[in-house]
There are 2 protein chains.
Amino acid sequence: MARKKDRAPVRKREILENFYQVLVEEGLERASLARIASRMGIHPSLIIHYFSTKEKMVGELVQYILERYQETFLPQLDGIKNPRERLSVILNSVFGTEWMSLVDGGAFFSCYALSYRNQQIRESFQKMYYTLREILVEELRNCIREGVIRDGDPEKLADFIISLLEGYDYYRGLMEDCENFEELGGYLKEVVKRVLGMEV
Amino acid sequence: MARKKDRAPVRKREILENFYQVLVEEGLERASLARIASRMGIHPSLIIHYFSTKEKMVGELVQYILERYQETFLPQLDGIKNPRERLSVILNSVFGTEWMSLVDGGAFFSCYALSYRNQQIRESFQKMYYTLREILVEELRNCIREGVIRDGDPEKLADFIISLLEGYDYYRGLMEDCENFEELGGYLKEVVKRVLGMEV
DNA sequence: AAATTAATTGAATATTCATTTAATTATTCG
DNA sequence: CGAATAATTAAATGAATATTCAATTAATTT
């Protein structure tokens with residue numbers, strides 16, 4: 001049984017990173033295998049060798065992109081016990097500037113648009129929001145129990161927060177100067193706190 | 001001076017309608033001139049004849065799509081004097097089912113994603129939200145003056161409403177059954193009213 | 001060092017794409 | 001009707017596309 005080093009996952013990730021970059025710089029319609037390969041100084045057929053088809057590669061790109069969000073505020077919450085503090089960290093993260101710089105909006109919404117016709121991509125997105133929702137519900141529940149926020153339906157509140165944060169992401173993509181959208185982010189955060197019944 | 005009937009605008013609109021349909025059914029990456037033409041039973045070069053280039057056609061498609069929103073609740077407000085009633089009509093429209101069926105989400109967000117790399121498309125979107133914001137600010141101002149809603153910054157409140165409605169549009173695109181997103185729409189509407197200080 | 005497996009390239013494929021130019025058919029005007 | 005103009009088609013173009021299969025180079029194991 002000949003055992004070889006498994007460098008395939010590393011190479012695949014490299015390709016995905018370059019795919020993402022081309023996507024950001026040139027748009028989905030111009031993000032061809034040839035361009036990705038040329039940017040890496042490799043041959044296009046090597047990409048096919050690793051992903052077998054472009055559609056599968058796009059599917060993996062979506063997961064690659066969505067994982068970034070998963071990995072954002074979860075580490076930030078490590079070690080924080082106080083529910084109020086935890087919720088603040090989440091809101092600051094989501095309506096702050098870090099969240100926005102995680103993924104390019106053009107790339108993100110291009111992928112999102114694909115979810116309307118590609119079942120696998122659709123499920124990736126659904127899974128991500130299902131997880132996010134679960135996290136939020138859990139945090140909100142704890143805050144209600146501790147009296148940090150007013151009593152209410154944590155699931156609906158979670159949906160409200162998700163809607164608002166994605167709408168913020170969307171709307172911000174059309175703003176020109178960052179002062180404006182930083183200000184908006186701060187304002188939306190306060191609105192959420194008011195809706196939750198958290199003293200500001 | 002030979003005067004001819006100007007049927008070009010009509011034909012262009014027909015082409016845009018078919019472009020939109022192909023976009024919905026096949027996605028942006030497959031919405032080629034050949035497919036649009038074949039669906040119409042015409043020759044691809046005829047499309048070029050009217051739009052001269054595909055990029056320009058896409059630009060006009062975006063305007064065509066965005067106009068639908070402009071034409072939504074403005075007619076609905078005709079004849080309604082009462083500020084409270086006007087605001088209710090707007091919120092019902094925006095968080096209701098009509099708004100969603102106006103434009104296919106896949107088509108809409110595909111176009112939105114283009115705005116990150118295409119200046120003309122970007123400006124079309126910006127213009128649309130500028131107009132929407134102006135309308136909302138005006139309505140909110142009237143409601144504040146009449147004591148229908150609590151005193152507050154109408155511009156920030158408008159941005160809040162726009163963020164939430166677009167986030168709702170986005171999030172809804174991932175939901176499977178319409179009961180859920182109708183319920184969410186109703187809930188978000190109540191949240192907005194609470195934030196505005198409108199008695200529910 | 002030889003053999004085996006993985007990584008990568010090369011060249012060829014058929015398809016699809018937007019666009020051009022010239023020719024043809026319809027329509028409208030005088 | 002006849003001339004002018006618009007609407008439409010035909011055919012050809014070259015570039016770009018994803019994907020194929022076979023060949024080659026590099027790495028690892030025995």
Side-chain angles (χ1 to χ4, degrees), chain A residues 1-23 25-62 110-111 113-114 117-118 120-121, chain B residues 1-62 107 110-111 113-114 117-118 120-121:
Chain A
M1 298 293 179
R3 282 269 46 185
K4 301 293 157 63
K5 261 196 182 177
D6 201 9
R7 275 211 328 268
V10 182
R11 207 75 170 109
K12 287 182 79 174
R13 173 146 290 243
E14 277 178 37
I15 295 172
L16 288 183
E17 280 161 3
N18 281 273
F19 184 14
Y20 173 75
Q21 280 305 326
V22 175
L23 174 53
E25 291 163 17
E26 310 249 27
L28 189 55
E29 57 281 342
R30 292 173 56 87
S32 64
L33 299 185
R35 262 191 205 86
I36 301 164
S38 124
R39 163 182 250 267
M40 300 178 72
I42 63 171
H43 203 272
S45 60
L46 187 57
I47 300 180
I48 291 284
H49 172 252
Y50 281 110
F51 292 94
S52 73
T53 166
K54 193 188 178 183
E55 197 187 350
K56 287 181 185 166
M57 181 172 67
V58 173
E60 297 202 30
L61 178 81
V62 170
S110 291
C111 292
L114 294 180
R117 252 157 273 98
N118 182 314
Q120 192 211 330
I121 292 178
Chain B
M1 299 290 183
R3 281 272 43 186
K4 300 294 157 62
K5 260 196 183 179
D6 201 7
R7 274 208 333 267
V10 182
R11 207 73 169 111
K12 286 182 80 172
R13 172 148 289 243
E14 276 177 40
I15 296 172
L16 288 182
E17 279 161 5
N18 281 274
F19 184 14
Y20 172 76
Q21 280 305 325
V22 176
L23 174 54
V24 170
E25 290 162 19
E26 309 249 27
L28 190 55
E29 58 280 343
R30 291 174 58 87
S32 64
L33 298 186
R35 265 193 202 84
I36 300 164
S38 123
R39 161 182 251 266
M40 300 179 72
I42 62 170
H43 203 273
S45 60
L46 187 57
I47 300 180
I48 291 284
H49 171 251
Y50 281 110
F51 292 95
S52 72
T53 165
K54 193 187 180 184
E55 197 188 350
K56 286 180 186 168
M57 180 172 68
V58 174
E60 297 201 31
L61 179 81
V62 171
S110 290
C111 291
L114 295 180
R117 252 158 275 98
N118 181 316
Q120 192 211 328
I121 292 179

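In the text below, chain A, chain B and the rest are named by the order of the sequence lines, each starting its count at 1.
- The CZ-P distance, from A/R30 to D/dA15, rounds to 15 Å in whole Å.
- Qualifying side-chain contact (heavy atoms from CB on, under 4.5 Å) partners for A/A113, counting only residues two or more places apart in sequence or in other chains: B/F109, B/S110.
- Following rounding to the nearest Å, B/R7 (CZ) and C/dT28 (C1') show an atom-to-atom distance of 10 Å.
- Near-neighbour residues of DNA chain C inside residues 41-54 of chain A, defined by a heavy atom below 4.0 Å, number-ordered: A/G41, A/I42, A/H43, A/S45, A/L46, A/H49, A/Y50.
- For A/S32, the side-chain contact (heavy atoms from CB on, under 4.5 Å) test picks out A/A34, A/R35, with sequence neighbours left out.
- For the side-chain contact (heavy atoms from CB on, under 4.5 Å) criterion with A/M57, the lone passing option out of A/V62, A/L33, A/I48 is A/L33.
- Going from atom CG of B/L28 over to atom P of C/dC17 covers 12 Å, rounded to whole Å.
- Counting only residues at least two apart or in different chains, salt bridge (charged side-chain N to carboxylate O under 4.0 Å, His left out) contacts with residues 10-23 of chain B comprise B/R11-B/E14, B/K12-B/E60, B/R13-B/E67.
- With sequence neighbours excluded, the residues that form a salt bridge (charged side-chain N to carboxylate O under 4.0 Å, His left out) with B/R30 are B/E26.
- Side-chain contact between B/L46 and B/I15 is absent, with no heavy atoms from C-beta onward closer than 4.5 Å.
- At a threshold of 4.5 Å between non-hydrogen side-chain atoms, the residues B/V24 and B/Y20 count as touching.
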Kindly give the atom pairs (protein nitrogen or oxygen, nucleotide nitrogen or oxygen) under 3.5 Å for nucleotides 13-16 of chain C.
none

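- Side chains of A/K54 and A/I47 form no contact here, defined as non-hydrogen atoms less than 4.5 Å apart.
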